[in-house]
> 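Sharing a structure, written as C-alpha coordinates. Questions coming.
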Amino acid sequence: MKDIALFYGTYTGVTRMVSEKIAKELGADKIDVYDISKDGEKMGDYKKLIIGTSTWSIGELQEDWDAFMPKLQQMDFSGSVVALFGTGDQAGYPDTFLDGMGMLYETFQYRGAKFVGFWPTEGYDFTSPLPLLDHDHFVGLAIDEDNQPELTDERIKKWCALIRPEFGL
Ligand SMILES: Cc1cc2nc3c(=O)[nH]c(=O)nc-3n(C[C@H](O)[C@H](O)[C@H](O)COP(=O)(O)O)c2cc1C
(Lines give C-alpha, C1' and ligand atoms only; values in the text may rest on other atoms or scores of the structure.)
Protein backbone atom coordinates (compact mmCIF):
# COMPACT_ATOMS: atom_id res chain seq x y z
CA MET A 1 0.00 0.00 0.00
CA LYS A 2 1.25 3.49 -0.91
CA ASP A 3 0.65 6.39 1.46
CA ILE A 4 -1.29 8.55 -1.02
CA ALA A 5 -4.59 7.53 -2.61
CA LEU A 6 -6.66 9.10 -5.35
CA PHE A 7 -10.38 8.31 -5.41
CA TYR A 8 -12.51 9.37 -8.37
CA GLY A 9 -16.11 9.07 -9.50
CA THR A 10 -16.93 9.13 -13.21
CA TYR A 11 -19.82 8.53 -15.58
CA THR A 12 -18.35 8.83 -19.07
CA GLY A 13 -14.68 8.42 -18.12
CA VAL A 14 -13.46 12.02 -18.15
CA THR A 15 -12.64 12.10 -14.43
CA ARG A 16 -10.86 8.74 -14.73
CA MET A 17 -8.72 10.10 -17.55
CA VAL A 18 -7.86 13.19 -15.50
CA SER A 19 -7.09 10.96 -12.48
CA GLU A 20 -4.66 8.89 -14.52
CA LYS A 21 -2.92 12.03 -15.76
CA ILE A 22 -2.61 13.40 -12.22
CA ALA A 23 -1.19 10.10 -10.94
CA LYS A 24 1.28 9.99 -13.81
CA GLU A 25 2.37 13.57 -13.19
CA LEU A 26 2.90 12.97 -9.46
CA GLY A 27 4.50 9.55 -9.97
CA ALA A 28 2.24 6.57 -10.61
CA ASP A 29 4.39 4.40 -8.35
CA LYS A 30 3.55 6.66 -5.39
CA ILE A 31 -0.23 6.80 -5.65
CA ASP A 32 -2.97 4.20 -5.40
CA VAL A 33 -5.82 5.11 -7.78
CA TYR A 34 -9.34 3.86 -6.98
CA ASP A 35 -12.78 4.13 -8.53
CA ILE A 36 -15.16 5.16 -5.73
CA SER A 37 -17.83 2.83 -7.12
CA LYS A 38 -15.61 -0.19 -6.33
CA ASP A 39 -13.07 0.64 -3.64
CA GLY A 40 -14.53 3.34 -1.43
CA GLU A 41 -14.02 1.28 1.73
CA LYS A 42 -10.26 1.65 1.31
CA MET A 43 -10.39 5.40 1.92
CA GLY A 44 -10.01 5.06 5.67
CA ASP A 45 -6.58 3.46 5.21
CA TYR A 46 -5.03 6.72 3.93
CA LYS A 47 -4.18 10.10 5.45
CA LYS A 48 -3.19 11.74 2.15
CA LEU A 49 -6.05 11.89 -0.31
CA ILE A 50 -6.72 13.25 -3.79
CA ILE A 51 -10.44 13.33 -4.53
CA GLY A 52 -12.05 13.85 -7.93
CA THR A 53 -15.63 14.13 -9.14
CA SER A 54 -17.71 15.34 -12.05
CA THR A 55 -21.11 17.05 -11.74
CA TRP A 56 -24.28 15.72 -13.36
CA SER A 57 -28.01 16.44 -13.69
CA ILE A 58 -27.54 20.19 -13.27
CA GLY A 59 -25.77 20.50 -9.95
CA GLU A 60 -25.76 16.91 -8.70
CA LEU A 61 -22.79 15.00 -7.38
CA GLN A 62 -21.58 12.17 -9.65
CA GLU A 63 -23.77 9.18 -8.81
CA ASP A 64 -21.13 6.86 -7.33
CA TRP A 65 -20.00 9.60 -4.96
CA ASP A 66 -23.62 10.23 -4.13
CA ALA A 67 -24.06 6.55 -3.27
CA PHE A 68 -20.92 6.67 -1.10
CA MET A 69 -22.05 9.81 0.75
CA PRO A 70 -23.68 8.05 3.75
CA LYS A 71 -20.35 6.29 4.43
CA LEU A 72 -18.35 9.48 3.89
CA GLN A 73 -20.53 11.24 6.42
CA GLN A 74 -19.47 8.69 9.05
CA MET A 75 -15.74 9.06 8.46
CA ASP A 76 -13.21 11.14 10.40
CA PHE A 77 -10.71 13.10 8.33
CA SER A 78 -9.01 15.02 11.13
CA GLY A 79 -5.28 14.73 10.48
CA SER A 80 -5.92 14.02 6.79
CA VAL A 81 -4.68 16.16 3.91
CA VAL A 82 -7.10 16.38 0.99
CA ALA A 83 -6.64 17.84 -2.51
CA LEU A 84 -9.82 18.13 -4.59
CA PHE A 85 -10.40 18.30 -8.32
CA GLY A 86 -13.56 18.55 -10.36
CA THR A 87 -14.56 18.12 -14.00
CA GLY A 88 -17.48 20.01 -15.50
CA ASP A 89 -18.88 22.13 -18.30
CA GLN A 90 -18.81 25.88 -17.59
CA ALA A 91 -20.53 26.87 -20.86
CA GLY A 92 -23.38 24.36 -20.62
CA TYR A 93 -23.90 24.63 -16.86
CA PRO A 94 -22.45 27.95 -15.65
CA ASP A 95 -24.77 28.16 -12.62
CA THR A 96 -23.79 24.71 -11.38
CA PHE A 97 -20.25 24.45 -12.76
CA LEU A 98 -18.32 22.00 -10.54
CA ASP A 99 -21.00 21.88 -7.86
CA GLY A 100 -19.99 18.28 -7.13
CA MET A 101 -16.51 19.40 -6.10
CA GLY A 102 -18.11 22.03 -3.84
CA MET A 103 -20.31 19.39 -2.21
CA LEU A 104 -17.36 17.11 -1.50
CA TYR A 105 -15.46 20.09 -0.07
CA GLU A 106 -18.28 20.75 2.40
CA THR A 107 -18.45 17.11 3.47
CA PHE A 108 -14.72 16.60 3.92
CA GLN A 109 -14.41 19.95 5.67
CA TYR A 110 -17.16 19.07 8.12
CA ARG A 111 -15.36 15.79 8.85
CA GLY A 112 -12.12 17.61 9.73
CA ALA A 113 -9.97 17.49 6.57
CA LYS A 114 -7.19 19.97 5.86
CA PHE A 115 -7.24 21.09 2.21
CA VAL A 116 -4.43 21.85 -0.19
CA GLY A 117 -4.38 22.72 -3.89
CA PHE A 118 -6.71 25.73 -4.12
CA TRP A 119 -6.88 26.90 -7.70
CA PRO A 120 -7.29 30.38 -9.28
CA THR A 121 -10.58 31.18 -11.04
CA GLU A 122 -8.83 33.26 -13.70
CA GLY A 123 -9.51 31.92 -17.18
CA TYR A 124 -12.94 30.43 -16.37
CA ASP A 125 -16.39 31.92 -17.01
CA PHE A 126 -19.15 30.70 -14.67
CA THR A 127 -21.47 31.86 -11.89
CA SER A 128 -21.82 28.92 -9.48
CA PRO A 129 -20.72 29.82 -5.93
CA LEU A 130 -20.42 26.24 -4.62
CA PRO A 131 -16.92 25.31 -5.89
CA LEU A 132 -15.41 28.57 -4.63
CA LEU A 133 -13.12 29.04 -1.66
CA ASP A 134 -13.19 32.82 -2.10
CA HIS A 135 -13.72 35.25 -4.97
CA ASP A 136 -10.48 34.29 -6.68
CA HIS A 137 -10.06 30.60 -5.90
CA PHE A 138 -11.73 27.28 -6.43
CA VAL A 139 -11.56 24.78 -3.57
CA GLY A 140 -9.57 22.53 -5.91
CA LEU A 141 -8.42 22.03 -9.48
CA ALA A 142 -11.07 22.89 -12.09
CA ILE A 143 -11.03 20.92 -15.34
CA ASP A 144 -13.35 21.60 -18.28
CA GLU A 145 -12.82 18.99 -20.97
CA ASP A 146 -16.03 20.10 -22.71
CA ASN A 147 -14.82 23.63 -23.49
CA GLN A 148 -11.12 23.93 -22.66
CA PRO A 149 -9.54 20.51 -23.33
CA GLU A 150 -6.41 22.17 -24.67
CA LEU A 151 -5.73 23.61 -21.18
CA THR A 152 -6.13 20.36 -19.23
CA ASP A 153 -2.55 19.07 -19.39
CA GLU A 154 -1.05 22.42 -18.43
CA ARG A 155 -3.53 22.84 -15.56
CA ILE A 156 -2.75 19.37 -14.23
CA LYS A 157 0.98 20.04 -14.42
CA LYS A 158 0.73 23.33 -12.50
CA TRP A 159 -1.65 21.93 -9.91
CA CYS A 160 0.55 18.90 -9.28
CA ALA A 161 3.52 21.22 -8.72
CA LEU A 162 1.37 23.06 -6.17
CA ILE A 163 0.33 20.00 -4.18
CA ARG A 164 3.52 17.95 -4.50
CA PRO A 165 5.26 19.43 -1.42
CA GLU A 166 2.05 19.19 0.62
CA PHE A 167 2.08 15.44 0.05
CA GLY A 168 5.80 15.10 0.77
CA LEU A 169 6.62 14.26 -2.87
C1 LIG B 1 -26.99 16.03 -18.64
C2 LIG B 1 -25.70 16.64 -18.18
C3 LIG B 1 -25.68 17.42 -17.04
C4 LIG B 1 -24.49 18.02 -16.60
N5 LIG B 1 -24.52 18.85 -15.50
C6 LIG B 1 -23.38 19.53 -15.17
C7 LIG B 1 -23.40 20.49 -14.11
O8 LIG B 1 -24.42 20.77 -13.49
N9 LIG B 1 -22.24 21.12 -13.80
C10 LIG B 1 -21.06 20.88 -14.48
O11 LIG B 1 -20.04 21.50 -14.15
N12 LIG B 1 -21.03 19.96 -15.49
C13 LIG B 1 -22.15 19.30 -15.84
N14 LIG B 1 -22.10 18.38 -16.86
C15 LIG B 1 -20.82 18.13 -17.55
C16 LIG B 1 -20.03 16.93 -17.00
O17 LIG B 1 -19.81 17.05 -15.61
C18 LIG B 1 -18.68 16.88 -17.70
O19 LIG B 1 -18.86 16.53 -19.04
C20 LIG B 1 -17.69 15.96 -17.03
O21 LIG B 1 -16.42 16.13 -17.61
C22 LIG B 1 -18.10 14.48 -17.12
O23 LIG B 1 -17.16 13.73 -16.39
P24 LIG B 1 -17.31 12.14 -16.15
O25 LIG B 1 -17.34 11.48 -17.48
O26 LIG B 1 -16.07 11.80 -15.38
O27 LIG B 1 -18.53 11.89 -15.33
C28 LIG B 1 -23.27 17.78 -17.31
C29 LIG B 1 -23.31 16.99 -18.46
C30 LIG B 1 -24.49 16.43 -18.90
C31 LIG B 1 -24.49 15.63 -20.18
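Counting starts at 1 for both ligands and their atoms, following the listed order.
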> For F97, give me all partners under ring pair (Phe, Tyr, Trp, His ring centres under 6.0 Å), at least two apart in sequence or on another chain.
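Listed in chain order: F126.
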> Taking 4.0 angstrom as the limit, do D76 and R111 come out as a salt bridge?
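No.
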> Near ligand 1, which protein residues have a heavy atom under 4.0 Å away?
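Lining ligand 1: T10, Y11, T12, G13, V14, T15, S54, T55, W56, S57, I58, G59, T87, G88, D89, Y93, T96, F97, L98, D146.
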> Salt bridge or not between K42 and D45? Use side-chain N to carboxylate O under 4.0 Å.
no
> Any ion pair linking E41 and K71 (charged N to carboxylate O, less than 4.0 Å)?
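Salt bridge flag = no for E41 with K71.
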> If you measure from CH2 on W119 to CZ on F85, what distance do you get to the nearest 0.5 Å?
13.5 Å
> Is it true that a side-chain atom of D144 and a backbone atom of Q90 form a donor plus acceptor pair closer than 3.5 Å?
yes
